Amino acid sequence: MKRGFYLVMAAQAFSSLADNALFIAAIALIIELQGPGWMAPFMKWSFALAYVLLAAFVGAFADSFPKGRVMFLTNALKVCGCLLMFCYASLGLPHAHQPYLVCLAYALVGVGAAAYSPAKYGIVTEMLPPELLVKGNSWIEGLTVLSIIIGTMLGGLLISPHVSNLLLHHSVFRKVVHTPAEGAILAIAVVYLVAALCNLLIPQTHVRYPRQQKNPVKLIRAFSGYVRVLWKDKLGQISLAVTTLFWGAGVTLQLIVIEWGKRHLGYRLDQASILMGVAAAGTIVGAILAGRIPLSRTLCVLPVGALMGLVVLFMPLAYSPWSVYVLLLVVGALAGFFVVPMNALLQHRGHVLLSAGHSIAVQNFNEQINILVMVAVYTLLLWLKLPINLIIVLFGLIVFVLMLIFMAWSRRNMKACPELQREIGMSGHGQALDRQD
């Protein structure tokens, strides 16, 4: 691994950590401002929506400049969103409108995250040869999941009475910080600045792409073509379908686990939140183990995804703490073990057919749409007052059946085109773009 890759990992870890900590701090600020309860899930939606709405543009942006610089600029945008949230009371808005400014500020952070993602994943394909992509992705995904755990804990820690009291009475902060949420937000801005500093230290890869289109209408039309390219490619369509399912299912499972903890196990909200960390810890283990799988063998992990769907079906049978923790660790490990190789295959195939930035933008577009859809369906099932264990069974069966379909789809593709196996690991990029030209 090159030194620059470790700087990319550090920048990603700090940036993702701050994203998750800021979400907790933003909820705390909305509570302090007595905002409506629907604003917390709305912030999550606005964050994911930025990926969908900007998908046609962020790939071209990432491929127009050195990706280290793009990562720096997008982290700077996150800092601006963080500071806008901090200045909620200084812009002259009525008190009733200030919670809406908090949501707007977090949406701005989502814009930065949406533009950051193609550069983050794209630079990995530029720095590492194909045979190291799975290993590199295992580190990136493992660090991302770890940053989610630590970021959520950091957000809660910063607004806790003990830490917030220290911030409120510190000689540096007490003149500008007046509430626990304000202290947390200001501290999180410092974390974003550390991530930006790591971005500045990333060396240039000297990979250059053709001049990117700037006309919005043409960008949208071109992006539609990129989506079709990956969905029509017999390797790209399988990896794209699997990763799209995984990320939609992963976000939905986080919400399910919290509700399951409260209804099925009788846990308080803070206790149920720990269950998310247990599953995420399993994902880290699975991601690390997946680093041993060569890129040429990535399709062999598809049955692991189906197995994850089956293991989820055992959740309604678990009551004792040890059985709950073991079950969630296994679910997380299976998820990490099968998604990391498929993610690497998708990035490699997208890089070969399109470019690093455009392929990641297509991936984000599909994944975030699925997140919005699956979370909406889950919310509908809760609104219909279905028992949480029935929702879990439906969720597990859907994942299992879809993975069986994807496995059959993959076998059919490989049987129809045996040369596909030789194309896994090939070098080059932009082949589909060259054919279009």
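Every heavy atom of this structure was used, including side-chain atoms; hydrogens, water molecules and symmetry mates were not. In this text, all values refer to a predicted model and were calculated from it rather than measured experimentally.
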Worked verdict on Val109 versus Met85 for side-chain contact (heavy atoms from CB on, under 4.5 Å): CA-CA 10 Å; Val109 175; Met85 190 181 297; 5.6 Å; no
Residue from Val52, Val373, Leu54, Leu53 passing side-chain contact (heavy atoms from CB on, under 4.5 Å) with Gln368: Val52
Check: Leu302 and Met342 side chains under 4.5 Å, non-hydrogen atoms: yes
Taking ring-ring contact (aromatic ring centres under 6.0 Å, His included) as the test, write out the residues that go with Phe47, two or more places apart. Tyr106
CG on Leu310 to CG on Leu334, rounded to 0.5 Å: 10.0 Å
Nearest-0.5 Å distance that lies between atom SG in Cys198 and atom CD in Gln12: 11.5 Å
Does any non-hydrogen side-chain atom of Tyr116 lie less than 4.5 Å from one of Leu73? no
Sorted by chain and residue number, the side-chain contact (heavy atoms from CB on, under 4.5 Å) partners of Arg411 (sequence neighbours excluded) come out as Met407, Ala408
Just how far is it from atom CG of Leu230 to atom CD1 of Ile238, taken to the nearest 0.5 Å? 12.5 Å
Straight-line distance of Ile391 CD1 to Ile256 CD1, nearest 0.5 Å: 7.0 Å
Residues in side-chain contact (heavy atoms from CB on, under 4.5 Å) contact with Leu289, at least two apart in sequence or another chain: Val285, Phe337
Approximate separation, where rounding is to 0.5 Å, of Thr243 OG1 and Gln363 CD: 4.5 Å
Would you check if Leu158 and Ile188 make a side-chain contact, meaning some heavy-atom pair closer than 4.5 Å? yes
Answer yes or no: is there a donor N or O on one side and an acceptor on the other, between the side chain of Thr74 and the main chain of Val70, under 3.5 Å? yes
Sequence neighbours excluded, which residues qualify as side-chain hydrogen bond (donor to acceptor under 3.5 Å, both in side chains) partners of Tyr88? Glu182
Pairing residues for Leu77 by the side-chain contact (heavy atoms from CB on, under 4.5 Å) criterion, not counting sequence neighbours: Leu108, Val111
Write out all pairs satisfying salt bridge (charged side-chain N to carboxylate O under 4.0 Å, His left out) with one or both partners inside residues 7-26, taking only residues at least two apart or from two chains. Asp19-Lys78
Taken to the nearest 0.5 Å, the spacing of Leu101 CG from Leu84 CG works out to 4.5 Å
Strictly distance-based, threshold 3.5 Å: is any side-chain N or O of Thr244 a donor or acceptor partner for the main-chain N or O of Ala241? no
Heavy-atom side-chain proximity of Phe395 to Tyr378 below 4.5 angstrom: no
Closest approach of Asn413 and Lys234, non-hydrogen atoms and distance? ND2-O, 3.1 Å
Would you say Ser16's side chain and Ala13's backbone share a donor-acceptor pair under 3.5 angstrom? no
Residues in side-chain hydrogen bond (donor to acceptor under 3.5 Å, both in side chains) with Asn366, at least two apart? Trp231
Hits for side-chain hydrogen bond (donor to acceptor under 3.5 Å, both in side chains) against Glu32, two or more places apart or cross-chain, chain-then-number order -> Thr179
Go through the steps to decide whether Val399 and Val312 satisfy the test side-chain contact (heavy atoms from CB on, under 4.5 Å), and finish with yes or no. CA-CA 9 Å; Val399 172; Val312 167; over 6 Å; no
Under the rule for side-chain hydrogen bond (donor to acceptor under 3.5 Å, both in side chains), what residues qualify as partners of Ser410, not counting sequence neighbours? none
Sorted by chain and number, sequence neighbours left out, side-chain contact (heavy atoms from CB on, under 4.5 Å) with Leu200 holds for Phe72
Check the angle between the aromatic planes of Trp409 and Phe406 and answer parallel, tilted or perpendicular using the 30° and 60° thresholds. tilted
Could you tell me which residues satisfy ring-ring contact (aromatic ring centres under 6.0 Å, His included) with Tyr192, sequence neighbours excluded, listed by chain and number? none
Phe246: ring-ring contact (aromatic ring centres under 6.0 Å, His included) partners, not counting sequence neighbours: Phe338
